[in-house]
Amino acid sequence: MITKLNNTNKMKRSKPLLLLATTVFFMSSCVDDNYNLSDLDTTVGISVNKLTIPLNVDSLVLDQVIDLENNSQIKKTVVNGKEIYALVEEGTFKSKSIEIPGFTTKSPEIEPIVDVLKKNDIEREANSRSNKRSGDEVAGSYPISNKDTEFKAESDVDKSIKDIYTVNVDANYKVDVNVADKDLMDKVHIIKFEGFIANLPKGLKGKFLLIGTETKDVTDKYDSKTGLIDLSGEEVNTDNGHVIFEIDIDAINILEAGDEITFENGKFEMNTKALVVAGEIVVYDKDMKENVGYDELPDEIDYVCTPELSEIVVKDFTGEIQYDIEGINIDPVKMNDIPDILGQEGTNIKLSNPQIYLKLNNPLADQNIKAEANLEMVAKRKGNAADKAVSLDNGALIIDKTENVFCLTSDINITKEEMQEGYKNAQVELFSGLSDILSGNGLPKEIEIEVLNPQIPAQTIENFKLDQDIKPVEGTYLFFAPLALKDESSVIIYKDTLND
């Protein structure tokens with residue numbers, strides 16, 4: 001409705017405003033005393049002291065008010081077959097590279113176990129080989145020391161790794177059991193290890209070799225839950241006094257390792273010990289050199305057990321991850337191209353069905369890893385006017401595909417025909433506050449589009465490769481805000497007075 005103008009001051013404005021005024025004057029001469037404009041499209045209006053001027057009555061007049069240059073934010077466009085004016089801003093964004101580094105423990109210095117083994121007393125009728133004893137006769141035996149040595153290997157872990165269940169690694173663990181006592185080895189050809197049980201770190205996966213006079217694969221003799229390798233049923237011989245356990249470690253199960261291998265507070269730690277739990281060194285008659293009597297075997301022999309652990313290089317892991325994606329910045333929408341007539345103090349604009357379109361990738365979607373982000377728009381006004389912020393109704397966007405397309409709109413029932421080209425198959429998300437982003441006392445000087453908490457949220461992952469080359473998150477955005485409003489409750493109202 002148009003009411004009579006009470007202000008008697010002359011209006012002095014630019015040519016566009018004079019054209020508008022002329023249009024109103026012409027229109028007012030064509031209506032009755034009640035100013036019935038029910039047949040006109042008055043979805044956008046300006047009121048001056050309660051005088052309302054329809055803005056989209058005549059496209060020629062609106063073209064003169066809005067200067068549609070090629071690089072203007074306000075563009076004439078067609079939506080669903082209808083030509084409208086819209087505020088359009090588009091651009092690109094790109095995050096920093098996603099980097100989740102691997103970690104490596106240093107090779108620890110491990111103190112060897114050093115002891116003296118004493119020969120068991122064996123009762124015999126005669127202590128001479130001239131008695132023609134059986135070749136399987138025990139000439140002497142030496143129980144192995146069960147002393148242990150403790151060691152630790154540790155490394156700091158990237159903060160994005162929240163828990164570790166298993167890791168795939170490159171590492172080697174070797175235990176050299178040495179009884180190469182010269183006094184003993186000068187008198188025998190071979191010595192045997194019997195009832196041999198050793199303690200190794202728990203949770204190891206890999207290939208276990210036993211190296212003596214022969215090399216045997218004894219992987220099936222190891223229990224990863226107890227850390228024990230039981231060779232009591234194996235024949236273990238050595239002709240140089242050394243028996244070596246060598247393990248090519250390719251994985252560690254932290255859940256099986258208990259408190260020996262842990263991940264806590266961003267630190268991976270192996271804290272364990274090495275020892276021979278049981279066993280003895282046995283010399284048989286048949287393995288002794290000629291003309292050596294049983295009583296010539298030494299009563300004591302030197303024993304050295306030397307564990308060696310290489311650095312543990314962690315290649316990938318199964319566990320939990322949470323990663324903050326950094327560097328996604330969208331330039332603010334500057335309100336530079338809005339006509340002065342719409343931008344003065346007192347203007348209050350409510351938009352109809354504004355939309356934000358987003359296209360963005362998830363570089364880890366092929367590894368079943370999802371990302372998410374929330375979006376907030378903040379209208380920044382001049383002076384001391386309070387900022388106005390609106391955000392998505394349903395929280396963060398779930399970014400779980402390699403390529404993701406979203407339409408954020410205040411109209412959840414938007415049709416494909418109403419969507420912009422290139423975004424027809426977008427996933428629609430409700431952003432009801434968008435309609436009010438321009439409302440308030442005068443237009444904001446700019447609208448900030450803030451991407452809030454872009455992240456890989458906490459989730460379980462499997463065999464995630466560390467130190468991999470991960471592309472950044474990148475994409476495009478389009479802010480589309482129609483100025484032709486849909487209903488009578490959505491209006492542009494200018495309440496100030498035009499003075500000389």
Side-chain angles (χ1 to χ4, degrees), residues 41-47 52 54-56 62 66 73-80 82-90 330 332-335 337-339 341-358 373-381 385-397 406-420 423 426-452 477-495:
D41 181 5
T42 58
T43 57
V44 181
I46 299 178
S47 74
T52 301
L55 288 185
N56 56 351
L62 192 53
I66 300 177
Q73 291 172 298
I74 297 181
K75 301 183 185 299
K76 186 186 294 185
T77 184
V78 176
V79 175
N80 201 16
K82 182 179 179 181
E83 190 174 74
I84 66 169
Y85 294 90
L87 175 63
V88 179
E89 188 78 16
E90 56 188 328
I330 296 178
V333 179
K334 303 285 186 181
M335 309 302 286
D337 293 342
I338 303 298
I341 196 171
L342 301 182
Q344 299 181 53
E345 186 177 350
T347 304
N348 186 11
I349 297 180
K350 182 178 176 68
L351 300 175
S352 174
N353 195 18
Q355 300 130 44
I356 298 177
Y357 295 94
L358 293 174
N374 208 327
L375 202 72
E376 182 179 77
M377 298 189 71
V378 182
K380 310 287 287 188
R381 285 184 157 78
D387 296 340
K388 183 172 187 175
V390 294
S391 58
L392 289 167
D393 291 57
N394 298 320
L397 300 173
F406 297 98
C407 172
L408 317 180
T409 175
S410 57
D411 181 6
I412 195 67
N413 296 314
I414 187 173
T415 64
K416 288 186 178 181
E417 290 74 19
E418 294 175 294
M419 293 182 183
Q420 293 296 289
Y423 298 91
Q427 177 180 322
V428 178
E429 296 287 342
L430 184 61
F431 202 161
S432 57
L434 274 182
S435 292
D436 294 321
I437 192 62
L438 297 184
S439 65
N441 184 17
L443 288 176
K445 63 179 181 179
E446 65 180 25
I447 301 172
E448 293 182 351
I449 304 177
E450 298 184 2
V451 182
L452 302 180
Y477 68 91
L478 171 65
F479 176 50
F480 180 82
L483 295 179
L485 310 183
K486 274 189 172 181
D487 53 66
E488 294 180 357
S489 64
S490 299
V491 294
I492 299 174
I493 302 174
Y494 181 68
K495 296 183 178 180

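Everything numeric here is computed off the predicted structure, so don't read it as measured data.
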Between atom CD1 of I330 and atom CD of E89, what is the distance when rounded to the nearest 0.5 Å?
11.0 Å
Taking the side chain as every heavy atom from C-beta outward, state whether L434 and I356 have any pair of such atoms under 4.5 Å apart.
yes
Under 3.5 Å, side chain of N394 to main-chain N/O of E429, donor-acceptor pair present?
no
Roughly how far, to the nearest 0.5 Å, is CG of L452 from CG of L397?
10.5 Å
M377 and I449 have their tightest heavy-atom pair at CE-CG1, 4.0 Å
Is there side-chain contact between C407 and I414, with heavy atoms separated by less than 4.5 Å?
yes
Looking at T409 and V428, what are the two nearest heavy atoms and their distance?
CG2-CG1, 3.7 Å
Give the minimum heavy-atom separation between V88 and F480, together with the two atoms involved.
CG2-CD1, 3.8 Å
Keeping K388 on the side-chain end and D436 on the backbone end, is there a donor-acceptor pair under 3.5 Å?
yes
What is the minimum heavy-atom distance between N374 and A396, and which atoms define it?
ND2-N, 3.9 Å
Taking atom CG of L392 and atom OG of S432, what is their separation to the nearest 0.5 Å?
9.5 Å
If you round to the nearest 0.5 Å, how far is CG of N413 from CD of E418?
9.5 Å
Give me the atom names and distance for the closest heavy-atom approach of V451 to A373.
CG1-CB, 3.9 Å
Between D393 and I412, is any pair of side-chain heavy atoms under 4.5 Å apart?
no
In Å, rounded to the nearest 0.5 Å, how long is the span from OH of Y477 to CD of E90?
8.5 Å
Y357 side-chain N/O to Q420 backbone N/O, donor-acceptor pair under 3.5 Å
yes
Validation row: K380, E448 side chains within 4.5 angstrom (heavy atoms)
yes
Please examine the side chains of L375 and F406, heavy atoms only from C-beta on, and report whether any two atoms are closer than 4.5 Å.
no
